[in-house]
Protein chains: 2
Amino acid sequence: MDFLPQSLQSLIHEFSELPGIGTKTAQRLAFYLLRSQHSLHQKLGTTLLRLKENILLCENCAILTDQSFCTICSDFSRDTSTICVVEEALDALAIEKTHDYKGTYHVLHGAISPIDGIGPEDITIAQLEKRLKRNDPIIKEIILATNPTMEGEATAMYIHNLLKPYDIKISRIACGIPMGGDLEYADQMTLKNALEGRHIY
Amino acid sequence: MDFLPQSLQSLIHEFSELPGIGTKTAQRLAFYLLRSQHSLHQKLGTTLLRLKENILLCENCAILTDQSFCTICSDFSRDTSTICVVEEALDALAIEKTHDYKGTYHVLHGAISPIDGIGPEDITIAQLEKRLKRNDPIIKEIILATNPTMEGEATAMYIHNLLKPYDIKISRIACGIPMGGDLEYADQMTLKNALEGRHIY
């Protein structure tokens, strides 16, 4: 790569530091930007430099926003009696895309993981409890939608135990075979969960 | 995606305009940059803004460079009697990685493709011929390493015909089954070429 211009080499190097982008993809992206007529490289460069300006966490649900309260929490048509607890803002984004959930969210910004030194105090669990205390009679259900991984399950369990004293319905999203999946290729835990979580027609 | 901060939405949108990057990957990249501690977004942003500064084409071989002559053409240890003709600078990069080729290159910056309105005058064929005239006695072999596609083959054929009058060896890279490939899955043209191009032990 030595013979390429310095600016191009830097770009390829920096692209390849991004997750899921190897050297070949980085090269392709860099050459694409070099050839692109619409000065996409300038738009992208400017956006990147301004990325962390004006990014706040919603004071209510801790989702990323550029105001004090996010658009979901300030939307009066949303059902404030249900809170869906997710690990990351991207998870809320995924749920929003189903167009099926009209409640609010609470973003933990991580999951409890002793092996990585992340305890309950490192994620926004205390903020969730404060929110409950503040709005106690309004909130009727907490849906625990952390990932069905070791860390996500531990986090769900922890929040479940913590919120038991409150008179609130606490639920956990279903774990099972994904749509279009094949039982033959499903792992034992998934299959076990799918059987246990079966529902009657 | 509406509830995300504006700067994050723009970044996701611009990433997803790059080839091979869909919305999900764009989201993952944007969130990764948002979280990264090492201000990678600033480095990447600055590099992108400076991308097209100081990018020239080598006056000899038309490869991308930041000087008048590229590091390959200015390297006296390279064998100037052989020119490897490639479509793009990335192809030269791929050949360099084999560490097996010590000659020089000529980058066409495209291939003849009447359907896209690209004729011989739109790529650097004239520059290649000028280079031959200038260095006639030195140059002994031209390796045509355009892609084995319709356009690449047409370009190789065109250059072959154009350079016939010169007393120079003209060769074409081999087309056949790639290493680790399977004859069962090879297409007919590749198999035909592999048979035709067989060599005796």
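Below, each value reflects all heavy atoms present in this structure, side chains not excepted, and no hydrogens, waters or symmetry copies. Throughout, a chain's letter reflects where its sequence line sits, starting with A, and its residues are numbered from 1.
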Measuring heavy-atom distances to chain A, does A92(B) have an atom under 4.5 Å in its side chain, in its backbone, in both, or in neither? both
Which atoms of I63(A) approach chain B - backbone, side chain, both or neither, heavy atom under 4.5 Å: side chain
When only pairs under 4.5 Å are counted, which of L48(B), I72(B), L49(B) shares the most heavy-atom pairs with chain A? L48(B)
With only heavy atoms counted, which part of I21(B) is less than 4.5 Å from chain A, the side chain, the backbone, both or neither? side chain
To the nearest 0.5 Å, tell me how far Q6(B) CD sits from I55(A) CD1. 10.5 Å
To the nearest 0.5 Å, what is the distance between CG (L33(B)) and OG1 (T47(A))? 11.5 Å
Look up atom CZ in R50(A) and atom CG in L11(B), then write down how far apart they are to the nearest 0.5 Å. 13.0 Å
Residue L34(B) versus chain A: region with a heavy atom under 4.5 Å: both
From K24(A) atom NZ to L90(B) atom CG, the distance as rounded to the nearest 0.5 Å: 9.0 Å
Check: E53(B) and S7(A) side chains under 4.5 Å, non-hydrogen atoms: no
Nearest-0.5 Å distance that lies between atom CG in L51(A) and atom NE2 in H41(B): 5.5 Å
CD/Q27(A) to CG/L93(B) distance, rounded to the nearest 0.5 angstrom? 4.5 Å
